[in-house]
Every structure is written in structure tokens, then in C-alpha cells.
Undergrad: 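For reference, the structure I am asking about is given below.
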Amino acid sequence: MKNKIEKIYADASADIAKAAATSDLEEIKNKYLSRGGEFNAIKKGLKDLSDEDKRTVGALANEITQKLEAALAAKHDEFYAKELDEKLITEKLDITMPGKFSAEGRIHPITNTINEITAIFESLGFSVVANELSPEVDTEYYNFDALNIPFEHPARDVQDTFYTAAEGGRQVLRSHTSGSQVRAMEAKKPPIKVISPGRVYRNETVNSRKNNFFHQIEGLLVDKDITFGDLKGVLNEFVYAYFGMPKAGAAGVGLREQGEQGSIVSVRPTRFRNSFFPFTEPSAEVDVQCIMCAGAGCRTCSGTGWLEILGAGMVHPNVLKGVDIDPDVYSGFAFGMGVERLAMLKYAIDDIRLFFQNDVRFLKQF
Ligand code: PHE
């Protein structure tokens with residue numbers, strides 16, 4: 001038995017002397033010292049020896065094991081240091097190399113414009129209606145009937161509105177966000193002060209100014225004693241905030257100070273023109289003085305000096321009655337604006353289709 005141990009020690013020592021790398025040492029350790037290794041086989045045989053032999057042979061086995069482990073450890077330290085040095089030389093990291101750039105994502109200009117407009121109205125005390133109050137596929141009731149739009153109104157024609165087959169009859173791809181006024185008034189009693197942004201669809205021939213879907217932001221305020229003056233005040237505030245803040249010191253004064261000629265950050269006057277919508281009475285279309293030419297007349301404003309930016313009016317009594325709000329007690333105003341149009345005016349974009357083609361060269365500019 002002792003001889004066997006001495007023999008293993010000699011073999012293992014010779015192997016260690018021949019080893020050239022840490023990986024060789026691993027192999028040697030496995031061969032001699034692991035559970036299935038040669039030494040363990042010897043140790044298992046100890047139980048068959050006399051007590052006397054068990055002690056001496058056992059002590060020898062332990063001594064040899066320790067010697068081998070020490071020899072392996074010493075070699076390991078030596079090889080490891082050497083291998084690390086080699087690695088440091090061959091696997092050098094060049095920190096001056098340019099990194100790999102990944103394209104930066106950004107928010108779509110339409111989303112951006114919606115966020116910006118929403119923030120302005122939130123600062124005026126409006127809140128955004130819940131998604132379920134603003135469905136894109138809606139019934140004719142919400143898109144037309146509840147808004148006092150008569151059955152024979154041309155907007156209902158398939159020339160203008162997309163219809164779709166749905167459970168429980170035909171429905172429309174909403175042609176405006178005004179249906180959300182009705183849902184908002186059904187959901188809550190006055191005071192109501194909401195805005196509702198979303199996508200709308202119209203059966204248009206697509207060109208640089210018209211797309212068959214676009215975005216609108218609807219606004220509605222219903223309370224006691226609401227007048228057309230309130231409507232004007234709120235929309236003027238919006239125009240000032242969106243097209244440019246008044247210069248320092250000019251806040252709160254009439255039309256506020258005007259910026260430099262042609263500057264699109266300057267404050268412009270607004271104009272409320274008499275108009276007609278079935279769901280508001282009286283109705284108005286709101287123009288802002290042309291942001292390009294400051295009213296002088298140019299291509300953007302077709303020489304008029306004004307840009308139409310939204311439709312608005314006092315909520316029609318029939319609409320209020322339809323949602324059980326007494327028009328003798330409450331009154332309100334509503335407005336609706338096209339997001340693409342407002343973005344095109346602000347950023348001087350001359351083709352609405354650019355928003356939907358997703359050409360990164362266009363999108364990168366925002
Ligand atoms: N819904 C109208 C449109 O799409 C805009 C509007 C909204 C007008 C609210 C008045 C009041 O043209």
C-alpha cells in the first residue's frame with residue numbers, strides 16, 4: 001500500500017513538473033486527487049487494513065495529498081500570473097476606438113404637437129377625457145345624431161364619411177372628435193372642462209393639404225353662466241401660448257405685443273369669423289394672423305394675411321337637451337382643431353403626407 005502511494009506521488013510529481021499551463025494542472029488534479037482519482041481509490045482501501053496500518057498508511061496518504069495540493073497550488077500561482085500577463089498584452093482594449101452608435105428614437109411631431117396643445121389646456125384647468133370616451137369606431141348616434149346633425153346632412157354621405165360593418169349594425173370611422181363631447185356630458189354632470197385628442201377619418205382624395213385620416217383636439221366647457229366671451233378668452237390664451245409667448249411686461253394686455261415681422265415666435269392677433277356647425281350656436285371659425293407674413297399676405301395665407309386654425313361655438317341647446325342638461329340653467333362652449341394643420345403652420349411644413357410617410361430624414365428634424 002505504501003509503495004502504491006509512493007508510486008502515485010512520483011507519477012503525479014512528474015506530471016506536475018511537465019505541466020505548462022493552468023489547464024494542465026486541472027487535469028492532474030482530476031487524475032489524482034478528485035473523488036474518482038487514483039488517491040481516493042487508495043483511501044477507500046484503508047478500511048481493510050489493521051488499526052496499526054490504518055494509522056501509518058492513513059497519515060502517509062494525508063501527507064502526500066497535502067504535498068501534491070501544495071505543489072499544484074504553487075504551480076498554479078506561477079502559471080496564472082504568466083497567463084494573465086499574456087492576456088493583458090494580447091487582449092488589449094483600445095479605449096480610443098469610436099463606439100457603436102445606435103439610432104436615437106424620438107417622439108413623432110404629431111404626438112409632440114398633441115402633447116404641447118394638451119399641456120396648454122391643462123394649464124387652463126382642462127383635463128383629458130378617458131380613452132373609452134373617445135372611440136375611433138363609433139355609432140352614427142355619437143358622430144352625428146347627438147350632435148344635432150340632421151339625417152340629410154352632406155357630411156353623412158359616404159363621399160365624406162367612412163362606414164364600417166360592426167356588431168349591432170353599421171358604424172362610422174369618426175369624422176371628427178365632437179362625439180366625445182356627448183360622451184363626456186353623459187359621463188359627468190357640469191361643471192365639465194375637458195379636451196379630447198384623437199384620430200379622425202374622412203373620405204378625402206389625398207393631396208398635400210388633405211389626408212384621409214388626421215388628428216383633432218376637441219374641447220368642451222359646460223357650466224353656469226358661460227358666455228362667448230369665455231370662449232374667446234380661452235382660445236386667445238391658447239393661441240398666445242401655442243404660437244409664441246408675449247414678451248416680458250406685455251402679459252395680460254389686449255392683443256399683447258407683436259414680435260418681429262415674419263418671426264414665427266411672435267404673438268399674433270386672432271379673428272373670430274361667423275360660421276356654422278349644427279352642434280354650436282352661434283358658431284365661429286378662428287383665424288390667427290399669418291405667422292409667416294404678419295398679415296401682409298403671402299403664399300401660406302393665400303394672400304389673406306390670416307390663417308384659419310379651428311372651429312368653435314356655444315354648445316347648441318339641442319345637444320345639451322339630448323344629454324339631459326338643462327340649457328336654461330347651463331351653457332357651454334366647444335371647439336375643435338386640426339393637429340396636423342397646427343403643426344404645419346408652426347413648423348412651416350407644406351405637405352400633410354410627410355407626417356405619415358415616416359421618412360426618417362423628415363422625422364429627424366423634430
Ligand atoms: N367638429 C368640427 C369639425 O370637425 C369642429 C368643431 C368642434 C366646431 C367643436 C365647433 C365645435 O370641423
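Scope of the values below: all heavy atoms of this structure, side chains included, with no hydrogens, waters or symmetry mates. First listed ligand is number 1; within each ligand, the first listed atom is number 1. Since this is a predicted model, take the numbers as computed values, not measurements. By convention here, the first residue in the shown sequence is residue 1.
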Undergrad: Side chains of Glu83 and Thr22 only: does a donor on one sit below 3.5 Å from an acceptor on the other?
TA: yes

Undergrad: Measure centre to centre between the rings of Phe356 and Phe213, then say whether the value is under 6.0 Å.
TA: yes

Undergrad: For Phe214, check ring-ring contact (aromatic ring centres under 6.0 Å, His included) against everything at least two apart and list the hits.
TA: none

Undergrad: Taking side chain to side chain contact (heavy atoms under 4.5 Å, CB included) as the criterion, tell me which of Val323, Leu133, Leu220, Val222 meets it with Gln181.
TA: Leu220

Undergrad: Please list, by chain and number, the protein residues whose heavy atoms come under 4.0 Å of ligand 1.
TA: His176, Ser178, Gln181, Arg202, Gln216, Glu218, Phe277, Phe279, Thr280, Gly311, Ala312, Ala334, Phe335, Gly336

Undergrad: Can you check whether Phe243 and Phe238 have ring centres sitting under 6.0 Å from each other?
TA: no

Undergrad: In this structure, is the centre-to-centre distance between the rings of Phe279 and His176 below 6.0 Å?
TA: yes

